[in-house]
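Per chain, numbering begins at 1; letters A, B, ... match sequence-line order.
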Amino acid sequence: MNKDEMKIYWHTSSHILAQAVKRLYPETKLGIGPAIEEGFYYDFYREIPFTPQDIEKITTEMEKIIKENFPVEKIEYDKQNAEEILKDEKFKLEILKEIPDEKVSFYRQGEFIDLCKGPHLSYTGKIKFFKLLSISSSYWKGNEKNPSMQRIYGISFPEKKDLNEYLQRIEEAKSRDHRILGPKIGLFSLQQEFGPGLVFWHPKGAIIRKIIEDFWKDIHLENGYQLLYTPHIANIKLWEMSGHIEFYKENMYPPIEIDEKILYQLKPMNCPFHILIYQDTVRSYRELPLRWAELGTVYRLEKIGVLHGLLRVRGFTQDDAHIFCRVEQIEEEIMKILQLVLFFLKSFGFDKYEVFLSTRPDKFVGSIENWEKATNALTQALKKKDFQYQIDPGEGVFYGPKIDIKVRDCLNRLWQCTTIQVDFNIPERFNLRFVNEKNEFEQPIMIHRAIMGSLERFFGILIEHYNGNFPLWLAPVQIKILPISETFFEYGEKILKILQKEKFRVRMDTSQEKLNKKIKIAEEEKISYIFIVGEKEEKENTIAVRKHGKGMLGTFTIEDIINILKKEINTRVYLDENNL
RNA sequence: GCCGGGGUAGCUCAGUGGUAGAGCAGCGCAUUCGUAAUGCGCGGGCCAGGAGUUCAAAUCUCCUCCCCGGCUCCA
């Protein structure tokens, strides 16, 4: 089945769900019940929320409806009749009112009828294997002022194997959840009592962060960027000038008062600081484009309910950069950014992504001419770099068009990381200028861009992408030496010193445990390589090498294994026996 | 922020009104071991926090904080 066929399949599944709910709980009012990317849901309005026991009952009822194998028929009514049919369904009536057509379609299966555009499967019996996954709430039409609906999510497939595969994938995703895996292998913690949404990087996470930061800085310097460091707080005047107090206040920590009545503001963004540096002197067109990058830590007072592990936090470090350039330079700059983004993502094992171009919204600043020039430049850059992309019309930020890149991880999940935004607003607000070749002042364009988005989010995604099994260049502990017994501590120590000198991140297990236990611990810690040393190795001056998740590789001399591991580090990807 | 479900040892969890429990982890002792758990012993809790009901509260009620599943929002 292709995607469209699956959507129909899931849509019919959602109708069966609604039919079952209506049979068991007739007082329930229907909301909407679409197919989604994977599966389906139906929103219901009901005074008493559904319980897991209800879900069991609903499941049984759905099975019955499938067995009853009702034909699903499409019926058209004019609006008046439709209103009559839906007289007890206030939410459906609301939808009906919004449909401009004179005639509307309904789908009927047995006693159940629902206002619906369709299409649907021909019989309820075509739904073979399904599972209701979760209950949650959602606002009617996604608006928090509207009533809260009960949403039931489900999934269905024609083949049992597909359902099982899907459920397995969910389990797999659950077992890799960075919120559990990360603290378990000592990468980070969230100290809920002392600051929800604030990340504590433990030694093993911190070393990974350092490696990512170093790599990031290196490739920026190699690509014509300069690095900046800016403060975490500044006089609130700056945030009044930038417009953040006006438009972003609800996400900002309250200001800090000093010296009676002077207010300092913790930064939610880095750009105003970069602008101050820009304005610190008169700029010439010869300097442009200026590319300024900073790993800038910002704080945003996110609503408590939206916090989520490392993916949505209150304090985070953006891999921010601002490019000041002329309109004519946008295309070239975007191309350079895209190139850099691809290289960066690929280095972390992401080679599948989706690209979105967002264009001018209804409310915007800047001239239409500039918007067109910029949007055009983004489009040209994407085309020249041979990107497949989707257009999100009107989804740009009010200050300029943007390109977002979402990466697919190894479980085929989509994550938003990279964002590239053209900004007409800030240069205008701060009256940014440079002197052009005619000795006149001209206003530059500003491009904001982040590749990872934030180090925290990127780290969370990386943990799940690699399931905590980081490739050697990132692995917090690359090698653990396991002496078989105390007798071989000395030989182990000798190996340890050699490896440390070669800049490997290495440890030795000096516990009194048996080898099996030591291996189990090292494997659970997801250490990349285990070097086992005992009598045989000491005699031959070798090491028995075990690779995480792969088991025994064989016996190597210290020189050989160092060369192999160095090669693996340099390629930044896993190497297996075939390409060792 | 909203709706629902939760919070008991470092972790996973049992305990529904009457003396706080288990496994793992930790510590100590013994064991000196060849590819995923050696044995014995010991410590460890303001039962998220506060208020109330009760002779008596981990358990019942209320408030607050935090977590989880979603919604909304976003890096």
Side-chain angles (χ1 to χ4, degrees), chain A residues 41 43 45-46 48-52 133-153 174 177 179-180 183-184 186 189-197 248 250-251 268-270 296-298 300-320 397 404 415-419 421 448-458 460-461 482-489 511-525 530-537 544-555:
Chain A
Y41 68 78
D43 281 349
Y45 181 79
R46 192 165 175 249
I48 317 149
F50 294 112
T51 63
L133 298 168
S134 63
I135 337 162
S136 63
S137 84
S138 61
Y139 300 115
W140 173 239
K141 290 183 177 165
N143 187 330
E144 60 186 318
K145 289 184 186 108
N146 287 341
S148 202
M149 314 287 285
Q150 300 288 320
R151 178 173 295 180
I152 299 177
Y153 284 92
K174 244 188 232 166
D177 191 325
R179 291 169 301 174
I180 297 159
K184 191 171 149 199
S189 65
L190 296 164
Q191 305 288 331
Q192 311 300 0
E193 190 187 344
F194 301 100
Y248 205 68
E250 72 274 19
N251 273 315
M269 292 185 191
N270 301 301
T297 303
V298 298
R300 298 183 185 172
L301 198 55
E302 301 289 351
K303 290 173 183 170
I304 197 81
V306 306
L307 300 179
H308 184 95
L310 296 181
L311 303 182
R312 193 71 190 278
V313 294
R314 282 180 168 171
F316 56 100
T317 300
Q318 292 182 305
D319 67 318
D320 215 350
V397 206
D404 289 324
W415 304 94
Q416 156 102 55
C417 293
T418 305
T419 179
Q421 308 180 350
H448 310 251
R449 52 110 279 204
I451 302 175
M452 293 181 271
S454 88
L455 275 159
E456 285 75 7
R457 175 176 289 181
F458 191 72
I461 296 167
L482 312 186
I484 282 174
S485 72
E486 225 168 307
T487 326
F488 311 104
F489 279 12
S511 70
Q512 310 272 292
E513 298 294 345
K514 291 172 109 172
L515 181 62
N516 276 340
K517 180 72 176 286
K518 290 183 184 179
I519 289 172
K520 181 176 195 293
I521 293 167
E523 291 285 356
E524 277 174 354
E525 287 176 308
I530 296 171
F531 285 6
I532 295 167
V533 292
E535 194 182 348
K536 182 168 162 273
E537 289 75 22
V545 178
R546 218 189 125 101
K547 182 163 185 167
H548 174 65
K550 287 226 152 66
M552 196 48 184
L553 288 190
T555 304

Next on the checklist: Distance check, C1' atoms only: B:U61 and B:A75, in whole angstrom units.
Outcome noted: 42 Å
Item to check | Between B:U35 (C1') and A:Ile521 (CD1): distance, integer Å | outcome: 14 Å
Listing time: all N or O pairs from protein to nucleotides 23-25 of chain B that are below 3.5 Å?
none

Checklist outcome for this item: Under a 3.5 Å limit on both distances, the Watson-Crick or wobble mate of B:G4 is B:C68
Checklist entry - In Å, rounded to the nearest 0.5 Å, how long is the span from NZ of A:Lys514 to OG of A:Ser485? => result 12.5 Å
Checklist outcome for this item: The answer to which of A:Val545 and A:Gln416 contacts RNA chain B further toward the 5' end, by nearest nucleotide, is A:Val545
Next on the checklist: Could you identify the nucleotide paired to B:G52, looking across every strand shown and requiring Watson-Crick or G-U wobble geometry with both distances under 3.5 Å?
Outcome noted: B:C60
Checklist entry - Which part of the nucleic acid, if any, lies within reach of A:Val298 when heavy atoms closer than 4.0 Å are counted: base, sugar-phosphate only, or nothing? => result nothing
Checklist entry - Do the side chains of A:Leu482 and A:Phe531 get nearer than 4.5 Å, heavy atoms only? => result no
Checklist entry - Mind checking whether A:Ile532 and A:Met552 have side chains closer than 4.5 Å, heavy atoms only? => result no
Checklist entry - Is any side-chain N or O of A:Arg449 under 3.5 Å from a base N or O of B:A75, one able to act as donor and the other as acceptor? => result no
Checklist entry - Which salt bridge (charged side-chain N to carboxylate O under 4.0 Å, His left out) pairs, counting each pair once, include a residue from residues 302-317 of chain A, with sequence neighbours left out? => result A:Glu302-A:Arg312
Item to check | For A:Ile304, the option from A:Leu301, A:Val306, A:Leu307 that meets side chain to side chain contact (heavy atoms under 4.5 Å, CB included) | outcome: A:Leu307
Item to check | By side chain to side chain donor-acceptor pair (under 3.5 Å) - contacts of A:Glu524 (at least two apart) | outcome: A:Lys520
Checklist outcome for this item: A:Asp43 atom CG is separated from B:G4 atom C1', nearest whole Å, by 14 Å
Next on the checklist: For the CD atom on A:Glu193, are there more than 12 heavy atoms of other groups (residues, nucleotides or ligands in this structure) within a distance under 6.0 Å?
Outcome noted: no
Checklist entry - A:Glu513 has an atom CD; how far is it from atom P of B:U31, in whole Å? => result 15 Å
Next on the checklist: With heavy-atom distances below 4.5 Å as the criterion, would you say the side chains of A:Arg449 and A:Gln421 are in contact?
Outcome noted: no
Next on the checklist: If you only use heavy atoms from C-beta on, which nucleotide in B:A36, B:A75, B:U35 is closest to the side chain of A:Glu524?
Outcome noted: B:A36
Item to check | Nucleotide-resolved protein contact map, nucleotides 64-73 of chain B, B/S/- at heavy-atom distance under 4.0 Å | outcome: --SSSBBBBB
Next on the checklist: Taking only the C1' atom of each, what is the distance from B:C40 to B:G4 in whole angstrom?
Outcome noted: 48 Å
Item to check | A:Asn516 side chain near B:A37 phosphate (N/O to OP1/OP2, under 4.0 Å) | outcome: yes
Item to check | Touch class at under 4.0 angstrom, heavy-atom based, for A:Ala522 against every strand present | outcome: nothing
Next on the checklist: Which nucleotide, if any, forms a Watson-Crick or G-U wobble pair with B:U32, using both distances under 3.5 Å?
Outcome noted: none
Checklist entry - Is B:A14 paired to anything, Watson-Crick or G-U wobble with both distances less than 3.5 Å, and if yes, which nucleotide? => result none
Next on the checklist: Measure NZ/A:Lys536 against C1'/B:C33 and give the value in whole Å, please.
Outcome noted: 17 Å
Checklist entry - Residues two or more places apart in sequence or in another chain: which of them pass side-chain contact (heavy atoms from CB on, under 4.5 Å) with A:Leu311? => result A:His178, A:His308, A:Trp415, A:Arg457, A:Ile461
Next on the checklist: Please name the nucleotide paired to B:A9 by Watson-Crick or G-U wobble geometry with both distances under 3.5 Å, or report none.
Outcome noted: none
Checklist outcome for this item: Whole-Å distance, A:Gln512 CD to B:C33 C1', equals 11 Å
Checklist entry - How far does OG of A:Ser511 sit from CD of A:Glu486, to the nearest 0.5 angstrom? => result 10.0 Å
Item to check | Length of the CG-C1' vector between A:Leu515 and B:U35, whole Å | outcome: 5 Å
Checklist outcome for this item: Assign each of A:Met149 and A:Glu523 the nucleotide of RNA chain B bearing its closest heavy atom; nearer the 5' end lies the nucleotide of A:Met149
Checklist entry - Using purine N1 to pyrimidine N3 plus N6-O4 or O6-N4 for Watson-Crick, or N1-O2 and O6-N3 for G-U wobble, both under 3.5 Å, which nucleotide pairs with B:C73? => result none
Checklist entry - When we call it a touch if two heavy atoms are under 4.0 Å apart, what does A:Glu537 touch: a base, just sugar-phosphate, or nothing? => result base
Checklist entry - How long is the line joining CH2 of A:Trp415 and C1' of B:C74, in whole Å? => result 14 Å
Next on the checklist: Does the structure show a Watson-Crick or G-U wobble partner for B:G26, both distances under 3.5 Å? Name it, or say none.
Outcome noted: B:C42
Item to check | A:Ile521 side, atom CD1; A:Asn516 side, atom CG - distance, nearest 0.5 Å | outcome: 11.0 Å
Item to check | Set of residues satisfying side chain to side chain donor-acceptor pair (under 3.5 Å) with respect to A:Thr317, sequence neighbours excluded | outcome: A:Arg209, A:Thr297
Next on the checklist: Mind checking if A:Lys518 touches a base, just sugar-phosphate, or nothing, with heavy atoms under 4.0 Å?
Outcome noted: nothing
Next on the checklist: Students often get this wrong, so: under 4.0 angstrom with heavy atoms, is A:Glu456 touching a base, only sugar-phosphate, or nothing?
Outcome noted: nothing
Checklist outcome for this item: Separation of B:A30 atom C1' from A:Lys514 atom NZ, nearest Å, is 13 Å
Checklist entry - Say you pick atom C1' in B:C67 and the same atom in B:U12; how far apart are they, in whole Å? => result 16 Å
